[in-house]
Amino acid sequence: MQAGDILVVWGSNSMYKATAIGHAAIASSSKYIMEMPGKKISKHATHTKKATFFKRHTGGPKYVAVYRMKNHPKYANKAAIYAYRHMYLKDNPSYMITTNLYHKSPSYCSKYVYLAYWWGQQSLRLKNTRMVDSILLRRMD
């Protein structure tokens with residue numbers, strides 16, 4: 001696990017087959033995961049030990065796929081740093097599913113990961129070309 005890795009949980013407690021994405025999170029380091037776990041666990045973003053995250057999100061039909069930005073490791077690292085400093089420590093967003101994608105709060109799991117990459121990039125050129133979108137929307141093997 002590396003800072004900036006994207007974790008996608010397939011399946012959920014209410015599903016019998018792991019056929020749909022149910023949750024997303026971002027690694028802040030090799031040992032910790034930042035996530036918006038939902039109101040049952042927390043009303044805000046959490047910084048969870050990797051072992052706790054995997055215990056909560058695996059088993060039965062659930063599994064975690066980890067995606068790494070091999071071609072752009074500096075973007076991944078910037079996203080993890082930004083998420084930790086600005087979306088966890090400084091302005092920890094409240095949880096709510098919303099259609100307003102570019103406001104940090106309220107937020108939800110996949111939006112939290114997306115915004116970590118979006119706001120973590122200092123380059124206006126990168127944002128204007130939608131490189132963040134193209135990097136995150138293709139499969140990162």
Side-chain angles (χ1 to χ4, degrees), residues 1-15 17-141:
M1 188 80 48
Q2 293 178 3
D5 283 356
I6 299 168
L7 293 84
V8 177
V9 179
W10 290 82
S12 73
N13 289 335
S14 63
M15 297 168 57
K17 294 181 181 178
T19 57
I21 295 173
H23 188 54
I26 184 170
S28 62
S29 70
S30 63
K31 297 180 182 178
Y32 283 89
I33 309 297
M34 289 175 289
E35 64 175 325
M36 295 288 301
K39 291 182 178 182
K40 288 183 179 180
I41 296 172
S42 174
K43 293 180 182 178
H44 297 279
T46 61
H47 196 233
T48 307
K49 287 185 178 180
K50 180 173 75 171
T52 302
F53 179 88
F54 276 88
K55 184 177 181 180
R56 185 169 41 224
H57 296 294
T58 58
K62 297 186 298 180
Y63 66 94
V64 177
V66 179
Y67 297 90
R68 177 166 298 147
M69 308 235 340
K70 290 180 183 177
N71 294 332
H72 302 284
K74 69 179 181 179
Y75 299 150
N77 194 53
K78 283 183 177 183
I81 290 168
Y82 188 87
Y84 183 72
R85 290 182 184 167
H86 300 280
M87 296 171 63
Y88 175 69
L89 294 177
K90 183 179 177 188
D91 297 317
N92 194 325
S94 60
Y95 181 86
M96 187 170 100
I97 295 177
T98 174
T99 58
N100 195 340
L101 183 59
Y102 295 99
H103 288 165
K104 294 176 200 165
S105 189
S107 195
Y108 50 92
C109 62
S110 55
K111 178 182 171 183
Y112 189 83
V113 174
Y114 181 85
L115 289 180
Y117 274 87
W118 180 259
W119 291 111
Q121 303 314 309
Q122 300 301 315
S123 170
L124 187 59
R125 184 180 145 280
L126 179 68
K127 290 180 182 178
N128 285 342
T129 61
R130 295 284 189 183
M131 188 172 183
V132 172
D133 291 349
S134 66
I135 289 169
L136 292 179
L137 295 178
R138 69 172 186 248
R139 183 172 171 86
M140 292 168 274
D141 297 315

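Residue numbers count from 1 along this sequence.
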Exercise. Does any donor atom in the side chain of Tyr102 or Tyr114 lie under 3.5 Å from an acceptor atom in the other side chain?
Worked result: yes

Exercise. Can you check side chain to side chain contact (heavy atoms under 4.5 Å, CB included) on Tyr67 and Leu7, steps first, answer last?
Worked result: CA-CA 6 Å; Tyr67 297 90; Leu7 293 84; over 6 Å; no

Exercise. Sequence neighbours excluded, which residues qualify as side-chain hydrogen bond (donor to acceptor under 3.5 Å, both in side chains) partners of Thr46?
Worked result: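 Result, side-chain hydrogen bond (donor to acceptor under 3.5 Å, both in side chains) vs Thr46: Thr48.
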
Exercise. Can you name the residues that form a side-chain hydrogen bond (donor to acceptor under 3.5 Å, both in side chains) with Asp5, not counting sequence neighbours?
Worked result: Arg68

Problem set entry | Whether Asn92 side chain and His44 backbone form a donor-acceptor pair below 3.5 Å | no

Problem set entry | Whether Lys104 side chain and Tyr112 backbone form a donor-acceptor pair below 3.5 Å |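 No; zero donor-acceptor contacts below 3.5 Å.
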
Separation of [Y] [atom2] from [X] [atom1] (nearest 0.5 Å):
| X | Y | atom1 | atom2 | value |
| --- | --- | --- | --- | --- |
| Ser105 | Met96 | OG | CE | 9.0 Å |
| Ser107 | Asp91 | OG | CG | 12.0 Å |
| Ser30 | Met1 | OG | CE | 9.0 Å |
| Tyr63 | Thr58 | OH | OG1 | 12.5 Å |
| Met69 | Lys78 | CE | NZ | 11.5 Å |

Would you call [X] and [Y] a side-chain contact if the rule is heavy atoms closer than 4.5 Å?
| X | Y | answer |
| --- | --- | --- |
| Phe53 | Glu35 | yes |
| Tyr117 | Ile26 | yes |
| Val66 | Val64 | yes |
| His23 | Cys109 | yes |
| Pro93 | Met36 | yes |

Problem set entry | Closest non-hydrogen atom pair between Lys111 and Thr98, with its separation |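 Looks like NZ-CG2, 3.3 Å.
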
Exercise. Considering all heavy atoms of both residues, which atom of Ala80 and which atom of Gly4 are nearest to each other, and what is their separation?
Worked result: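 The answer is CB-N, 3.4 Å.
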
Seminar exercise, completed: Taken in chain and number order and not counting sequence neighbours, the residues that satisfy side-chain contact (heavy atoms from CB on, under 4.5 Å) with His47 are Ser28, Tyr32, Met34, Tyr84, Tyr88

For this session: May I ask you to establish whether Lys62 and Trp10 are in a cation-pi arrangement, using a distance under 6.0 Å from NZ or CZ to the six-membered ring centre and at most 45° from the ring axis?
Result: no

